[in-house]
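Given the structure is predicted, the values throughout are model-derived calculations rather than measurements.
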Amino acid sequence: MLLPISNVPRAYSWGSPTLIPALEGREPTGEPEAEIWYGAHPGSPSRVGDGAQTLDVALAEAGEPPLPFLLKLLAAGSSLSIQAHPTKAEAEAGFAREEAAGIPRDADDRLYRDDNHKPEIIVALSDEFRALVGLRPVAGTRRLIARLAGAGGAANAAAGGALARLDELLSDTDEERGLRAALAWALSEASPADVAALADALAAAQASATDDADADTIDVLLAAASDFPGDRGLYVALLMNLVVLRRGQALFAPAGVLHAYQSGLGVELMAASDNVLRGGLTPKHVDVPELLRVLDATPGPAPLVELVQTGDQGVLYDVGVPDFALTRVEIEGRTASADLRGPAIILATRGALRVTERGQDAPAVDLVPGAAVYVGGGARGVDIAGRGEAFLAQPGRV
């Protein structure tokens with residue numbers, strides 16, 4: 001069963017007004033276009049065919065299993081909120097706890113809106129995709145703090161005191177313990193004057209910056225300070241890795257890992273869940289104790305994804321979760337065949353492609369960039385022909 005699906009962009013304030021329209025080859029509306037959702041998630045289910053029916057309804061009527069994943073186009077024009085997601089066990093316990101407490105599932109301070117985890121992967125479609133992901137090794141953060149102090153922050157009493165306090169917490173011989181203490185201070189004790197002083201120190205450092213590894217980080221932090229004035233999350237961002245993905249590279253955010261996408265266009269795939277613990281750069285609710293409870297505070301480099309060649313036309317982004325697997329298929333006049341192990345969604349991101357279900361005498365579905373097709377769970381495989389690029393999402397291996 002092949003069902004053409006589509007959706008409308010979601011106009012979150014952090015969205016880019018140009019990146020999705022450029023992919024789809026249309027004029028921008030002038031409004032931010034942050035995400036397009038492809039799937040059956042009740043928050044924004046895809047429309048089937050001419051749009052008369054949503055995918056969740058169509059799947060229920062056809063007796064299809066629920067989709068365990070949600071596929072998105074994501075276009076960031078400014079920073080998303082800093083966030084982490086719970087493990088499956090943490091989500092089940094948190095959901096049950098909030099249900100028992102009678103907190104409405106749509107309440108602003110609700111943390112666990114379902115009982116699922118939310119690992120996620122993002123693959124860059126733009127030439128550069130910037131993200132803050134994971135906690136930087138402490139030595140690198142302390143070097144950056146010293147640079148900020150030396151660039152003028154130390155001359156400002158508030159900046160000097162706040163940066164000195166942060167550095168003191170990070171001097172703990174147990175790096176994870178020091179990072180947890182630094183995060184707790186940043187989100188619970190840093191004053192508005194401390195945040196403003198950090199922004200001033202960043203501006204002073206940018207003015208005297210040389211072209212080195214920290215210069216891009218300073219630029220990103222200063223942009224976040226401008227977009228979220230007074231937000232304590234600026235100190236959290238200071239502790240995180242900045243990574244710049246090139247087209248086709250990917251990041252994986254497993255449970256507990258802090259992340260905040262900054263700029264660029266990408267294909268995102270995640271487990272079907274709304275569970276988000278925020279850590280700043282947001283006007284939304286931040287529950288500091290619960291964030292620190294689920295947080296993985298292990299320092300280290302950003303978690304780049306290993307690319308596994310699956311043939312001369314396919315690349316698998318292997319993250320080893322049962323909820324989803326993502327494959328990029330590039331076709332230049334030949335036909336690519338893909339085996340399936342459950343329901344799948346194929347999203348075109350370049351060129352013109354035609355999808356057929358293997359072994360079935362049924363109409364093919366033509367795809368252009370931004371268009372997608374749902375493939376029913378009974379399909380053994382699909383053939384993709386034409387010239388272009390597509391991403392295939394399906395359940396992962398158990």
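Comment: D167 engages R142 in a salt bridge, judged by a side-chain N to carboxylate O separation of less than 4.0 angstrom. Look at R232 and E189 and you find no salt bridge, because none of the NZ, NE, NH1 or NH2 atoms lies under 4.0 Å from a carboxylate O. Using a 4.0 Å cut-off between charged side-chain N and carboxylate O, E92 and R97 make no salt bridge. The pair R143-D214 counts as a salt bridge, with a side-chain nitrogen and a carboxylate oxygen less than 4.0 angstrom apart. A salt bridge does not link R165 with D194: none of the charged nitrogens is closer than 4.0 Å to a carboxylate oxygen. For R105 and E98, the salt-bridge test fails: no basic side-chain N is under 4.0 Å from an acidic carboxylate O.
Between the side chains of Y112 and E290, at least one donor N or O sits under 3.5 Å from an acceptor N or O. With no hydrogens or angles considered, no side-chain donor-acceptor pair links D56 and H41 at under 3.5 Å. In this structure, a donor-acceptor pair under 3.5 Å is present between the side chains of S273 and D114. Donor-acceptor pairing under 3.5 Å is recorded for the side chains of T87 and E90. Side-chain polar atoms of N275 and N116 form no donor-acceptor pair below 3.5 angstrom.
Under the 3.5 Å distance criterion, the side-chain polar atoms of Y235 are left unmatched by any main-chain donor or acceptor of A162.
Interatomic distance, CZ of R334 versus CZ of R387, reported as 11.0 Å (0.5 Å rounding). Atom-to-atom distance recorded for L135:CG and R180:CZ is 9.0 Å, nearest 0.5 angstrom. Between the CG atom in L347 and the CG atom in L367 there is a gap of 8.0 Å [rounded to 0.5 Å]. Between the CG atom in L258 and the CG atom in L291 there is a gap of 6.0 Å [rounded to 0.5 Å]. To the nearest 0.5 angstrom, N241 atom CG is 8.0 Å from T141 atom OG1. Note that the CZ atom of F228 and the OG1 atom of T282 stand 6.5 Å from one another [nearest 0.5 Å].
The stretch residues 218-227 participates, sequence neighbours left out, in these side-chain hydrogen bond (donor to acceptor under 3.5 Å, both in side chains) pairs: Q206-D219.
The hydrophobic cluster containing V319 does not contain L316, counting ILVMFWY residues as joined when their side-chain heavy atoms lie under 4.5 angstrom apart, directly or transitively.
Using a 30° and 60° split on the angle between ring planes, W14 and Y12 fall in the tilted class, from 30° to 60°.
Residues L234 and A225 come closest through the heavy atom pair CD2-CB, 3.8 Å. Across A336 and V329, no two heavy atoms sit closer than the pair CB-CG1, 3.7 Å. Closest non-hydrogen pair, P9 versus E33, comes out as CG-OE1, 3.3 Å. Between A124 and L245 the shortest heavy-atom distance is CB-CB, 3.9 Å. Shown here for S44 and R10, the closest heavy-atom pair between the two residues is CB-NH1, 3.0 Å. Nearest heavy atom pair, residue G248 against residue L307, reads O-CD2, 4.0 Å.
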Worksheet item: Can H117 and D323 be said to form a side-chain contact (heavy atoms from CB on, under 4.5 Å), step by step?
Response: CA-CA 10 Å; H117 63 167; D323 309 80; 2.9 Å; yes
Worksheet item: Checking salt bridge (charged side-chain N to carboxylate O under 4.0 Å, His left out) for the pair R113/E99: CA distance, chi angles, key distance, verdict?
Response: CA-CA 9 Å; R113 302 181 190 276; E99 287 286 282; over 6 Å; no
Discussion item. For L2 and Y374: C-alpha separation, side-chain torsions, deciding distance, then whether side-chain contact (heavy atoms from CB on, under 4.5 Å) applies.
Written reply: CA-CA 6 Å; L2 300 181; Y374 170 84; over 6 Å; no
Practice prompt. Please lay out, stage by stage, how D366 and R354 fare under the test salt bridge (charged side-chain N to carboxylate O under 4.0 Å, His left out).
Written response: CA-CA 4 Å; D366 292 323; R354 173 163 289 189; 2.6 Å; yes
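Taking the side chain as every heavy atom from C-beta outward, P65 and P343 approach each other to under 4.5 Å. For the pair T298 and E175, the minimum side-chain heavy-atom distance is 4.5 Å or more. For the pair T29 and P17, the minimum side-chain heavy-atom distance is 4.5 Å or more. R110 is listed as a side-chain neighbour of F95, based on a closest heavy-atom distance under 4.5 Å.
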N/O donor to acceptor pairs below 3.5 angstrom from side-chain atoms of residues 390-398, sequence neighbours left out:
unit_1	atom_1	unit_2	atom_2	d
Q394	OE1	R341	N	3.0

Can you give each donor-acceptor pair under 3.5 Å made by side-chain atoms of residues 73-82, sequence neighbours left out, with the distance rounded to 0.1 Å?
unit_1	atom_1	unit_2	atom_2	d
S79	OG	Q262	NE2	2.9
S81	OG	Q83	NE2	3.1

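Surrounding CD of E332 are more than 12 heavy atoms belonging to other residues, nucleotides or ligands, all under 6.0 Å away.
In this structure, the side chain to side chain donor-acceptor pair (under 3.5 Å) partners of R130, at least two apart in sequence or on a different chain, are E128. E120 meets the salt bridge (Lys or Arg N to Asp or Glu O under 4.0 Å) test with no other residue; sequence neighbours excluded. Remark: D109 engages no residue in a side chain to side chain donor-acceptor pair (under 3.5 Å) (not counting sequence neighbours).
Checked against a 6.0 Å centroid threshold, the rings of F129 and Y261 count as neighbours.
Considering T54, I5, V8 in turn, T54 is the only one that fulfils the side-chain contact (heavy atoms from CB on, under 4.5 Å) rule with R47.
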